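Structure, as structure tokens:
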Amino acid sequence: MQDQVELIRRIERQYLRDQLGTLHLQMVDGMVIHLLFRRGPLRQEDIAQWIVTDKGAVARSLARLEEMGLVVRTVSDQCRREKQAALTPAGEQTASQIRQALQNWGQIRYQGFSPEERAQYESFLIRICENVQQYKQGGITIG
């Protein structure tokens with residue numbers, strides 16, 4: 001089973017790298033844009049937590065995205081030492097292209113599945129994700 005999951009993930013990563021490459025984006029850039037599109041303006045620390053990566057990778061991504069005109073960073077109203085990142089109109093257009101690529105991947109992935117099978121698979125993934133997040137936060141121990 002593990003080999004099948006890894007194969008799916010490798011092909012998915014390659015598909016997404018190819019799709020994001022046409023937009024001149026790296027994987028973390030795509031994740032940041034997609035997150036900001038879904039959640040709205042966020043602090044760098046929050047972005048790092050949501051996409052489960054380090055703050056440095058997020059900072060580099062935000063700098064690239066800001067240079068490309070896809071993201072703007074502003075000083076937070078709550079704390080002047082923090083900056084919030086938000087999508088620009090060009091960033092929102094790019095987010096739409098990323099969402100389309102993700103939808104296309106979903107069509108590839110779910111080819112031949114009934115709506116019930118898709119829903120069951122999604123519910124399993126949600127439960128697995130919750131479990132691994134709890135594990136990462138120390139809420140689940142093994143042994």
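All values below come from the heavy atoms of this structure, side chains included, with hydrogens, waters and symmetry mates left out. Along the sequence shown, residues carry numbers from 1. What you see is a predicted model; the values in this text were computed from it and never measured.
- Ile128 and Val52 fall into different hydrophobic clusters, where Ile, Leu, Val, Met, Phe, Trp and Tyr residues are linked whenever their side-chain heavy atoms come under 4.5 Å apart, directly or through other members.
- The backbone N or O of Glu130 sits nowhere less than 3.5 Å from a side-chain atom of Tyr135 that would complete a donor-acceptor pair.
- In this structure, Arg73 and Gln84 have side chains that are not in contact, with every pair of non-hydrogen atoms separated by 4.5 Å or more.
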Candidate pair Leu65 and Ser61, rule side-chain contact (heavy atoms from CB on, under 4.5 Å), full reasoning: CA-CA 6 Å; Leu65 295 172; Ser61 176; 3.6 Å; yes

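- A distance of 11.0 Å separates CZ in Arg109 from CD in Gln107, rounded to the nearest 0.5 Å.
- Applying the side-chain hydrogen bond (donor to acceptor under 3.5 Å, both in side chains) test to every pair with at least one member in residues 91-103, sequence neighbours left out, gives these pairs: Gln100-Asn104.
- Taken to the nearest 0.5 Å, the NZ atom of Lys55 stands 10.0 Å off from the CG atom of Asp46.
- There is a path of hydrophobic side-chain contacts, each under 4.5 Å, that joins Leu102 to Met27.
- Residue Gln14 places its CD atom among more than 12 non-hydrogen atoms of other residues, nucleotides or ligands, all under 6.0 Å distant.
- Scanning for side-chain contact (heavy atoms from CB on, under 4.5 Å) contacts around Gln137 gives an empty result, with sequence neighbours left out.
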Pair Arg64-Val28, side-chain contact (heavy atoms from CB on, under 4.5 Å): steps then yes or no: CA-CA 11 Å; Arg64 275 191 306 275; Val28 69; 3.5 Å; yes

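- Residues forming a ring-ring contact (aromatic ring centres under 6.0 Å, His included) with Trp50 (at least two apart in sequence, or on another chain): none.
- One hydrophobic cluster, built from ILVMFWY side chains closer than 4.5 Å, cannot hold both Ile47 and Val72; they sit in different ones.
- Separating the OG atom in Ser123 from the CZ atom in Arg118 is a distance of 13.5 Å, to the nearest 0.5 Å.
- The CD1 atom of Ile33 sits 8.0 Å away from atom CG of Leu20, with the distance rounded to the nearest 0.5 Å.
- Atom CE in Met31 sits 4.5 Å away from atom CD1 in Ile51 (nearest 0.5 Å).
- Classification of Lys83 and Glu66 as a salt-bridged pair fails, no side-chain N sitting under 4.0 Å from a carboxylate O.
- The closest donor-acceptor contact from the side chain of Thr88 to the backbone of Gly69 lies under 3.5 Å.
- At least one donor-acceptor pair closer than 3.5 Å links the side chain of Glu117 to the backbone N or O of Ser114.
- Annotation for Ala85 and Leu62: closest pair CB-CD2, 3.7 Å, computed over non-hydrogen atoms.
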Working for side-chain contact (heavy atoms from CB on, under 4.5 Å), residues Trp105 and Ile11: CA-CA 10 Å; Trp105 178 250; Ile11 294 170; 3.8 Å; yes

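- In this structure, Phe37 and Ile98 have side chains that are not in contact, with every pair of non-hydrogen atoms separated by 4.5 Å or more.
- In this structure a side-chain-to-backbone donor-acceptor pair under 3.5 Å is present from Asp29 to Gln26.
- Between atom OG1 of residue Thr53 and atom CZ of residue Arg60 there is a gap of 8.0 Å, rounded to the nearest 0.5 Å.
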